[in-house]
Amino acid sequence: MKYTSTAFLPLLLASALLYSCSSNPYASTNRAHKKQLKTYAKQLRTVPAIEPETSSLQLGDQWVGTTNFSMRRPNFVVIHHTAQNSTDHTLKTFTMPKTQVSAHYVIGRDGKVYHMLNDNLRAWHGGNSRWGNNTDLNSSSIGIELDNNGAEPFEEAQIKSLLDVLAMLKETYNIPAENFIGHSDIAPVRKVDPNETFPWKRLAAHGFGLWYDEGVVAQFLQPAAPITVLDSTASQPVLILQPLDSVSTIPPHFNPKEALRIIGYDTRDLPAAIRAFKLHFIQDEVNMVLTEKDKIILYNLYQKYL
Ligand SMILES: [Zn+2]
C-alpha cells in the first residue's frame, strides 16, 4: 500500500495539537532562561567593550574590532552524580535561582537526555575546584549530571546515553581523552561523585579518559615464578624462587605526590587526592592509602600524562 502525504495529515495535526496542548511545567523558567540570554547577548553586542571615558588604560585612537572570531569552546567534560532520587528533582533544582547550581546535561536512569544550557555558556557545576593549574573549570568545561542517589550502580540505558553525549562533545569540540574527568577528581576534599560504581574503564575504552596498562599491574601481582637452577656446589638441581623485580618496575626516585599533581590532582590535601585517585582508578578499595599495587598503577598512569 502506498502512503500519500495527505494520508499522514490527520496524524500530524493530531500530534501537533497534542504537543501544543501539553503544558510544560517549565514554561516560566524557560522564559527566565531566554531573558537571561538576551541580557548576555546585549553585553556581547556592546562595542567597544572597554569604554574610553571610564578606562584608566592607555587605549588606541579608535576602536578596531577584529573580523576573525568565534565562540569560546569547552575543552573539558566533568561528570557528576546528582545525589538525588529522580531526574525531575534535579530539573527542579537546576531551575530554582536560589540553588545556584546547574549543568549542561542531565541524563536520567532511563537514558533520556536533558540539554539545559548551550555548550558555549557557563554552567555552575564545578564549584570550588582545581585540575592542574586550571582553577575555573566551569569556564572551560561541560558539566554532565547523571541521575543517581550516590550509592547505587548506574543504569545501562543511562551509560549508553552518556557515551552518545560524550562522543558528540568529543567530536564537536575536539576534547582530548584525558580531559574527561569526574567531579571528585577536581574537588577531592569536597566531592565523591560519580560514585565508585562508575565505569571509568569502559569510558576510557571509548576514548573518554585514560586508563592504566592492566598487563603491567598483573605482572606485578604475579607470584614469584619457581625456576630450577643447578647449584654449582650441589650435585643435584636445586629449586629456587625467582625474586620479584619490583625495583625495576618503580624507579627509586618516583614521587607519588608529584605523579598525582602531574595527572591534575590538587595535592594540597594529599590523603584527599589519593582517595579521589582511587575512586577513579582503584574502585575496589577506595581509601587514603597508596599500597604498592596502587603505586604501580599510579606510576604507569602518570607517564601517559607527561
Ligand atoms: Zn558533582
Side-chain angles (χ1 to χ4, degrees), residues 74-109 111-119 121-132 134-155 158-159 161-163 165-166 169 175 178-204 208-209 260 263-269 271-283 286 288:
N75 197 37
F76 289 86
V77 172
V78 179
I79 298 168
H80 305 252
H81 68 219
T82 59
Q84 293 185 331
N85 287 318
S86 72
T87 301
D88 278 347
H89 189 180
T90 302
L91 296 179
K92 280 194 183 75
T93 303
F94 288 174
T95 48
M96 291 164 67
K98 70 175 180 188
T99 65
Q100 298 281 290
V101 290
S102 59
H104 294 87
Y105 297 85
V106 175
I107 304 180
R109 289 167 167 85
K112 282 191 181 162
V113 178
Y114 293 85
H115 189 195
M116 299 189 75
L117 184 66
N118 186 297
D119 296 343
L121 294 172
R122 186 175 183 271
W124 299 341
H125 61 95
N128 186 14
S129 55
R130 186 184 182 116
W131 189 246
N134 186 340
T135 54
D136 184 10
L137 269 297
N138 280 347
S139 286
S140 53
S141 71
I142 296 286
I144 301 179
E145 289 275 359
L146 302 174
D147 180 32
N148 179 291
N149 69 11
E152 61 190 336
F154 295 86
E155 296 289 341
Q158 188 175 40
I159 296 301
S161 275
L162 172 66
L163 290 170
V165 171
L166 296 181
L169 294 173
I175 299 172
E178 60 267 34
N179 289 2
F180 291 79
I181 49 183
H183 200 187
S184 56
D185 292 318
I186 64 170
V189 176
R190 298 185 302 115
K191 295 293 175 180
V192 291
D193 63 309
N195 72 43
E196 72 276 4
T197 69
F198 186 73
W200 284 114
K201 182 183 164 185
R202 182 173 167 190
L203 261 67
F208 313 124
L260 286 166
I263 290 173
Y265 288 99
D266 178 355
T267 54
R268 286 174 297 179
D269 184 332
I274 290 171
R275 185 188 58 194
F277 169 75
K278 295 185 77 162
L279 183 59
H280 190 133
F281 296 103
I282 306 161
Q283 295 175 320
V286 180
M288 296 182 171

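Nothing fancy with the numbering, it's 1 onward along the sequence. Both counts, for ligands and for their atoms, begin at 1 and track the order of listing. Any value given below was found using the heavy atoms of this structure, including those in side chains, with hydrogens, waters and symmetry copies removed.
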Below 2.8 Å, can you find an N, O or S atom of [X] next to the Zn ion (ligand 1)?
{"X": "His81", "answer": "no"}
{"X": "Asp193", "answer": "yes"}
{"X": "His125", "answer": "no"}

Is there a side-chain contact between [X] and [Y] (heavy atoms, below 4.5 Å)?
{"X": "Asp136", "Y": "Arg122", "value": "yes"}
{"X": "Phe277", "Y": "Ile282", "value": "yes"}
{"X": "Phe180", "Y": "Leu203", "value": "no"}

* Determine whether the aromatic ring centres of Phe208 and Trp200 lie less than 6.0 Å apart. =>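 Phe208 vs Trp200: aromatic centres not under 6.0 Å.
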* To do: Could you tell me which N, O or S atom of His80 is nearest to the Zn ion (ligand 1)?
  =>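 Nearest N/O/S atom of His80: ND1.
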* To do: Looking at His183, pick out the N, O or S atom nearest to the Zn ion (ligand 1) and give its name.
  =>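 The atom in question is ND1.
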* To do: Dump the intermediate steps for side chain to side chain donor-acceptor pair (under 3.5 Å) on Thr93 and Gln84, then the final yes or no.
  => CA-CA 10 Å; Thr93 303; Gln84 293 185 331; 3.1 Å; yes
